[in-house]
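Accompanying notes for the structure given below.
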Amino acid sequence: MDASSDEGVVTEEVVVPQRVERRAAEPWDAQSVDSTDGSAQNRLLIKGGRVVNDDMMQDADVYIEDGIIKQVGTNLHTPGGTRVVEAKGHLVMPGGIDTHTHMQLPFMGTFAVDDFYTGTRAALAGGTTMIMDFAIPQKGESLVEAYHRWRSWADPKVCCDYALHVGVTWWCDKVGKEMEELTEEHGINSFKMFMAYKDTWQLDDHDLLESFKQCKEIGALAQVHAENGDIIKENTAKLLDMGITGPEGHELSRPEEVEAEATNRACVLANQIGCPLYICNIMSKSAASALGEHRRRGTLVWGETIAAALGTDGSHYYNPCWQHAAGHVLSPPLRNDSSTPSSLMELLDVGDLQTTGTDNCTFSASQKALGKDDFTKIPNGVNGVEDRMSVIWEKGVVSGKIDPCKFVAVTSTNAAKIFNIYPKKGRIAVGSDADIVVWNPHATRTISAKTHYQAVDFNIFEGMEVHGIADYVICHGRVVVEEGNVRAVSGMGKFVPTPSHSPYVYGRVQERDIANAPKKVDRAPYDGPVIQLNNQGLTQAVESSIIPTNQEFYTRGAQMNDKSPKRPSVKVHNPPGGKASGSFW
Ligand code: URP
Ligand code: ZN
């Protein structure tokens, strides 16, 4: 498949001359790793494949220099010594962007076992060339410090590019200021608020509103983990009382409507602020339908689902093997409904859902066993970063639900647009980063923990046969996967800053605010009589008519009036719930 070329032909049919403007140096650049190495690998020709973007397919070659796509077309002129990757019969697509990972996350008393090295190497193996991870401060902790901690973990280890979202797990004015600093100085354009994980990361509605307001102020995207943590706490206590301690309790404590309620509430709150919203890891038909209704009403909201929800379901929680059932525990949970995966795929096709992540947050059997006697102690999280592209290809394209262009849209392009890194990422075009997967749509493989690259000892897709394999993966112009072999080096990926005010997200916000601004009604002032309130807010007219009798009802609570030492009360003839002679209500 591989050869050298010194074709000296004149360039023809070069398409999409879409230049990516190189920006001036930003503060975060100093910490980035240089992606070029000055070797012959800097020049690469992908020859004879079919280029697939989200809006078009064409047979074309792709010429890459110094990590950037320089030409797309046929009969390209390329310098001598250019390495050639033969792609005949293959699809040449933008590398995947996994919008939702948690590498080495400290969580539930332990750390996710796939770190920024094993996790990103596995990502590359499956055709994903960029991940978006979450820096999550503990309650009371500085967001900026959490950001730096995650950078210090990731920068030396990442094999592919990565960006960060930052969690908002508590609220005060300082948090708002740090959000601004992160956006202006550290390349963060999205913040995630949790509506679940009561007593640790959960925000109440007031704090959600404050964080949404601040996101809007600084042009960042508000994300939510949408589950009602208060209901989950109630349900959990009941289930444990009933003696349900196994992994099925996890799913039973967080039913679909608990996810749908939070999804709806987040949409309402964000819409009231006029803040664009992104719902993370939508796992159920009910939550997706709440989101869809809001989108049709015009709410600026986008939805992500994950490979787990598209590739498997919650029947596994009822498996008699504890280890197997616990291996599927994540939040929100998989749904015990075999029609959910295909419904979610259909919603990706029609555009109700836009992106796919994985929520990759892996724990091995001995870590999951922390919850062997109590499902609330099973560390939440599953794999996916390696298999997402294959699972979506299999369940989406092979099943005929989506076409290859839609596959590209939901695995990279939409994410690049939403998070404001398009067309640098998510497109095969001149000027874009050379992050490319050469996809063999005919080859098959069987997913297994025994053969996967991830460090975790379990795979939720175990035994699934998938068509679609990343034969070659090119990251920043380097061939990092070659006929199934990964040749990634830790630290060769780099941090990708995500600029604020994504036009795809914020493009309509100002106009909407102006168009929907409340309008004052000009009218003649009221000039009739106005009753007087006393210092308890009661009208004098009402107060003067108080004459307690046996048949009357009285308001509760302190009623002392400064001016009158007797205890006034308000006569009510029809109390709510009906009259109850002689009693208070
Ligand atoms: O189960 C999950 N999702 N674990 C990671 C933490 C989170 O909720 O994103
Ligand atoms: Zn997550």
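Just follow the structure's listing: the first ligand is 1, and inside any ligand the first atom is 1. If you're wondering where the values come from, they're calculated on a predicted model, not measured in any experiment.
- R335 has no carboxylate O lying under 4.0 Å from a charged side-chain N of D313, or vice versa, which leaves the two without a salt bridge.
- Here R121 does not pair with D115 in a salt bridge; the nearest charged N to carboxylate O distance is not below 4.0 Å.
- Residue H225 has at least one heavy-atom neighbour below 4.0 Å for each of these atoms of ligand 1: 8 (O).
- Donor-acceptor pairing under 3.5 Å is lacking for the side chains of S142 and Y147.
- The aromatic rings of H328 and H324 are tilted relative to each other, their planes meeting at an angle between 30° and 60°.
- In summary, an N, O or S atom of H100 is located under 2.8 Å from the Zn ion (ligand 2).
- Between N380 and ligand 1, at least one pair of N/O atoms sits closer than 3.5 Å.
- Counting protein heavy atoms only, atom 7 (C) of ligand 1 is closest to Y197 OH, 3.4 Å.
- In summary, an N, O or S atom of H102 is located under 2.8 Å from the Zn ion (ligand 2).
- At a 4.0 Å cut-off, at least one heavy atom of K192 sits close enough to ligand 1 to count as contact.
- For ligand 1, the polar-atom distance check against W201 finds no nitrogen or oxygen pair separated by under 3.5 Å.
- Atom 1 (O) of ligand 1 has its closest protein heavy atom at S331 N, 2.8 Å.
- Salt bridge D161/K425: present, at least one basic N to carboxylate O contact under 4.0 Å.
- The aromatic ring centres of W439 and W393 sit less than 6.0 Å apart.
- The closest approach between F134 and ligand 1 stays at or above 4.0 Å for every heavy atom of the residue.
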